[in-house]
**Student:** 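The structure is given below, and queries will be raised subsequently.
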Number of protein chains: 2
Amino acid sequence: MDMRKLVGQNVKRIRQEKGLTQEQFSLVSGFSQQYISGLETGNRNPTVVTVYELAKALGVSHLDLFRTPSSRTRQDR
Amino acid sequence: MDMRKLVGQNVKRIRQEKGLTQEQFSLVSGFSQQYISGLETGNRNPTVVTVYELAKALGVSHLDLFRTPSSRTRQDR
DNA sequence: ATGTGACTAATAGTCCGTT
DNA sequence: AAACGGACTATTAGTCACA
């Protein structure tokens with residue numbers, strides 16, 4: 001399991017569900033657009049504190065950023 | 001929410017449930033006993049990849065290391 | 001609107017020893 | 001058996017210029 005990609009894909013999916021661009025998410029989260037890009041493409045290995053800040057900015061539980069597709073319930077999708 | 005302490009307490013609890021000492025867990029996980037000590041006391045901020053490796057060594061899902069007490073079901077406890 | 005390469009400062013994680 | 005500290009190396013945080 002590639003945790004970098006898992007977290008990155010979850011951030012990307014939830015961000016898009018909220019209708020945010022990387023630049024808009026950059027403003028609300030305080031992270032740079034480039035850093036968010038690196039995260040979403042799975043090129044970053046964030047710490048647990050960083051993931052928590054991302055989840056907070058997205059308005060979801062930190063657990064949501066660690067879920068695999070199979071661990072998400074149908075109503076999540 | 002202090003993610004360092006949350007992860008640390010979960011590691012400590014599950015390790016103890018398995019009846020492992022920090023030194024034994026050090027051997028199966030490949031992380032040093034000193035590092036595990038720092039983790040469990042909430043003084044470390046591990047990366048998501050590290051948390052995944054810890055979970056694998058403990059034989060649990062990585063999600064189990066991110067759960068708050070209130071997000072754990074009764075049969076977990 | 002997103003991704004990449006290069007960069008510095010901070011910190012993740014090591015090994016040594018000690019308590 | 002668990003925690004603490006110092007010195008050390010590898011990796012991450014976070015940015016900028018640009019594609």
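Letters A, B, ... are given to chains in the order of the sequence lines, protein chains preceding strands, and every chain is numbered from 1.
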**Student:** Hey, what do you get for OG (B:S26) to CG (B:L20), rounding to the nearest 0.5 Å?
**Tutor:**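 Nearest 0.5 Å value for the OG-CG distance: 11.0 Å.
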**Student:** Using heavy atoms and a sub-4.0 Å distance, could you list which residues of residues 19-26 of chain B are near DNA chain C? By number, please.
**Tutor:**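 The answer is none.
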**Student:** Can you tell me if B:R15 touches the phosphate of D:dA2, counting only side-chain N or O atoms and a distance under 4.0 Å to OP1 or OP2?
**Tutor:**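 For D:dA2, OP1 or OP2 has a side-chain N or O of B:R15 closer than 4.0 Å.
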**Student:** Kindly write out the residues that satisfy side chain to side chain contact (heavy atoms under 4.5 Å, CB included) with A:V28, not counting sequence neighbours, or none if the list is empty.
**Tutor:**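 With sequence neighbours excluded, A:V28 shows a side chain to side chain contact (heavy atoms under 4.5 Å, CB included) to A:F25, given in chain and number order.
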**Student:** Might you point out which heavy atoms bring B:P46 and B:Y35 nearest each other, and give the distance in Å?
**Tutor:**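 Reported closest heavy-atom pair: CB-OH, 3.7 Å.
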**Student:** With the threshold set at under 4.0 Å for non-hydrogen atoms, list the residues of residues 52-61 of chain A touching DNA chain C in residue-number order.
**Tutor:**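 Result for residues 52-61 of chain A: none.
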**Student:** Below 4.0 angstrom from OP1 or OP2 of C:dT2, is there any side-chain N or O of A:S37?
**Tutor:**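 Answer is no, no contact under 4.0 Å.
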**Student:** Does any N or O in the side chain of A:N45 come within less than 3.5 Å of the main-chain N or O of B:V49, such that one atom is a donor and the other an acceptor?
**Tutor:**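 Checking the backbone N and O of B:V49 against the side chain of A:N45, a donor-acceptor pair under 3.5 Å is found.
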**Student:** Checking side-chain polar atoms at under 3.5 Å, does B:Q33 have a donor or acceptor matched by the opposite partner on B:Q22?
**Tutor:**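 There is such a pair (donor and acceptor under 3.5 Å, judged by atom type) between the side chains of B:Q33 and B:Q22.
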**Student:** Using the rule salt bridge (Lys or Arg N to Asp or Glu O under 4.0 Å), only one of A:K12, A:K5, A:R15 pairs with A:E40; which is it?
**Tutor:**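 By the salt bridge (Lys or Arg N to Asp or Glu O under 4.0 Å) criterion, A:E40 pairs with just one of A:K12, A:K5, A:R15: A:R15.
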**Student:** Take nucleotides 5-19 of chain C nucleotide by nucleotide from the 5' end and write B, S or -, depending on whether a protein heavy atom sits under 4.0 Å from the base, only from the sugar-phosphate, or from neither.
**Tutor:** -------SBB-BB--
**Student:** Which word best sums up how the rings of B:F66 and A:F66 line up, parallel for under 30°, tilted for 30 to 60°, or perpendicular for over 60°?
**Tutor:**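 Ring orientation of B:F66 relative to A:F66: parallel.
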**Student:** Using the test side chain to side chain contact (heavy atoms under 4.5 Å, CB included), find all partners of A:T41 that sit at least two apart in sequence or belong to another chain.
**Tutor:**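 A:N43.
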**Student:** To check you understand the geometry: which heavy-atom pair defines the closest contact between A:L54 and A:L39, and what is its length?
**Tutor:**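 Scanning both residues completely, I find the closest heavy atoms to be CD1-CD1, 3.5 Å.
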**Student:** Apply ring pair (Phe, Tyr, Trp, His ring centres under 6.0 Å) to A:Y52 and list each qualifying residue two or more places apart in sequence or on a separate chain.
**Tutor:**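 Ring pair (Phe, Tyr, Trp, His ring centres under 6.0 Å) check on A:Y52 returns nothing, list empty.
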